[in-house]
Number of protein chains: 2
Amino acid sequence: MAKNNSKEHSRSNAKTKAILEGAMQEFLAHGYAAASMDKIAKAAQVSKATIYSHFDDKEQLFSAVIQDLVKDKFQAVMSLQEHQSLEQDPKQVLSQIAINMLSNAKKDQTFQNFMRIILGESGRFPELAQTYVRSLAKPAIDTLSHYLQSHPNLKLGDSEAAARIVIGTLVYFVILQEMLHGKDILPLENDRLVNALTDLIVKYQP
Amino acid sequence: MAKNNSKEHSRSNAKTKAILEGAMQEFLAHGYAAASMDKIAKAAQVSKATIYSHFDDKEQLFSAVIQDLVKDKFQAVMSLQEHQSLEQDPKQVLSQIAINMLSNAKKDQTFQNFMRIILGESGRFPELAQTYVRSLAKPAIDTLSHYLQSHPNLKLGDSEAAARIVIGTLVYFVILQEMLHGKDILPLENDRLVNALTDLIVKYQP
DNA sequence: GTCTATACATCGATAGAC
DNA sequence: GTCTATCGATGTATAGAC
């Protein structure tokens, strides 16, 4: 039975959990470099030395926090695409998926801060960026691609590329409107984007 | 005649330029919080005190660097869409724009680091994020939207939404493949994406 | 195991000589 | 204007008591 990683402590106390939660709060609020171990200790209500008895150093704690967040967000992302029957109207199915994704992403400040960190630190923590790609982006794209591929009413030439188009459109919309605070500069209703997007997909004829 | 901003010195010496270049290098490499004024001074080959005689503090220096970068990148982004005649085949025009944008973004490490900072710091520097939206994203979207709107062979119902789809697809592709190091996890050829995307736009029938 | 106290480096920013 | 030298605060990490 293999222990999982880092130190000998995945004996997962309440302390470990408290540390991870405090660290998550601080990293999400201030980013990696600007988050301090002192503030994390205070947020977790433990001493700094206790943190270092559970995690090797700041980098490893950060890595553990991000991997926890990826796991959390996996549920949320995947649940959006579940239970989609091939018998329903694809225009309605796609619209519903898109609208749910947009409204979820927009109200979830934790998700936006999570994306900020993944993107902002992707140069210094490439393996964490790849964890995001492998565990969140790829499953979302693969699931949607499979749906587009197998629906009898859709005749898309390249379902994988089409899935990239749908998800890229939605994610960049959230980035521009919410994360980059662009909604007053570039206003656009959710419905207009979703309608144009699903129309392009559904009405496509090779 | 109004001086432009910050201090009384937009008397733009060689020193000011050296400071901005050194600061750009350090901020792009390490992000805002992890970049130090000492390292910036060394990179610019001036003393730290000289920096503070040209800029109020670290935040203001950062802001000046980002605004310089936005100006630089504006040229690059806009030149991609220029000189597109309404008489050419839109499929070819759009493909060319998309291919140029992808190949430029992929080889420009400075651009990728610039995007990392804009996104990563958008929570703590919302006004800089909005500068990006106003000066880069909006012009790109408006220009493309106007092209899609006015081309006689295209019958898109919502040109603005269509422009968002095109640009969102391309930007998220660069984010996933390059910035997040996903190209080995989610491989996809440029041409397949561009072809699927331009096909959707060009073959659309209301 | 968890704490307090502290070591030691580096941070942003400034004083004062020239 | 630009430098050297330095301030006080804060950073990560650890030693040692319990």
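Just so we're on the same page: letters track the sequence lines, and every chain starts at 1.
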### Task
Have a look at B/Ala35 and say if it touches a base, only the backbone sugar-phosphate, or nothing, with a 4.0 Å heavy-atom cut-off.
sugar-phosphate

### Query
Whole Å only: how far is the CE atom of B/Met37 from the P atom of C/dT14?
10 Å

## Note on the structure
Looking only at heavy atoms, the pair that brings A/Ala196 and B/Ala161 closest together is CB-CB, 3.5 Å

### Message
Is it the case that the ring center of A/Phe62 lies less than 6.0 angstrom away from the ring center of A/Phe125?
### Response
yes

### Query
Roughly, in whole Å, what's the span from NZ in B/Lys58 to C1' in C/dT14?
17 Å

### Query
Looking only at heavy atoms, which two atoms of A/Gly123 and B/Arg116 are closest? And how far apart?
N-NE, 3.3 Å

### Query
Going by the angle between their ring planes, with limits at 30° and 60°, are B/Phe111 and B/Phe114 parallel, tilted or perpendicular?
tilted

### Message
With each end axis built from five pairs of C1' atoms, what bend angle do you get for the helix from C/dG1-D/dC18 to C/dC18-D/dG1? Round to 10°.
### Response
10°

### Message
Within the 4.0 Å heavy-atom criterion, would you say A/Asp57 contacts the bases, only the backbone, or no part of the nucleic acid?
### Response
sugar-phosphate

### Query
In whole angstrom, what separates B/Phe27's CZ from C/dC11's P?
12 Å

### Message
Using a strict heavy-atom distance below 4.0 Å, which residues from residues 42-51 of chain A are in contact with DNA chain C?
### Response
A/Val46, A/Ser47, A/Ala49, A/Thr50

### Summary
Separation of D/dG11 atom P from B/Asp38 atom CG, nearest Å, is 17 Å

### Summary
Scanning both residues in full, the closest heavy-atom pair of A/Leu61 with A/Ile51 reads CD2-CG2, 4.0 Å

### Query
What is the distance from CD of A/Glu59 to C1' of D/dG11, rounded to the nearest Å?
15 Å

#### Entry: Per A/Lys15 side chain, nearest of listed nucleotides C/dG12, C/dC3, D/dA13
C/dC3

### Query
B/Leu61 CG to C/dG12 C1': how many Å, rounded?
12 Å

#### Entry: Exercise: identify the closest heavy-atom pair between A/Lys15 and A/Val46
CD-CG1, 3.8 Å

### Message
How about CD on B/Glu189, more than 12 heavy atoms from neighbouring residues, nucleotides or ligands closer than 6.0 Å, or not?
### Response
no

### Query
Parallel, tilted or perpendicular for A/Tyr32 and A/Phe27, by the 30°/60° rule?
parallel

### side-chain N/O B/Ser36 vs C/dC11 OP1/OP2, d < 4.0 Å
yes

### Task
Can you establish whether the number of heavy atoms outside B/Lys138 located under 6.0 Å from its atom NZ is more than 12?
no

### Value in whole Å for how far the C1' atom of D/dG11 lies from OH of A/Tyr32
11 Å

### Whole-Å gap separating C1' (C/dT4) and OH (A/Tyr52)
16 Å

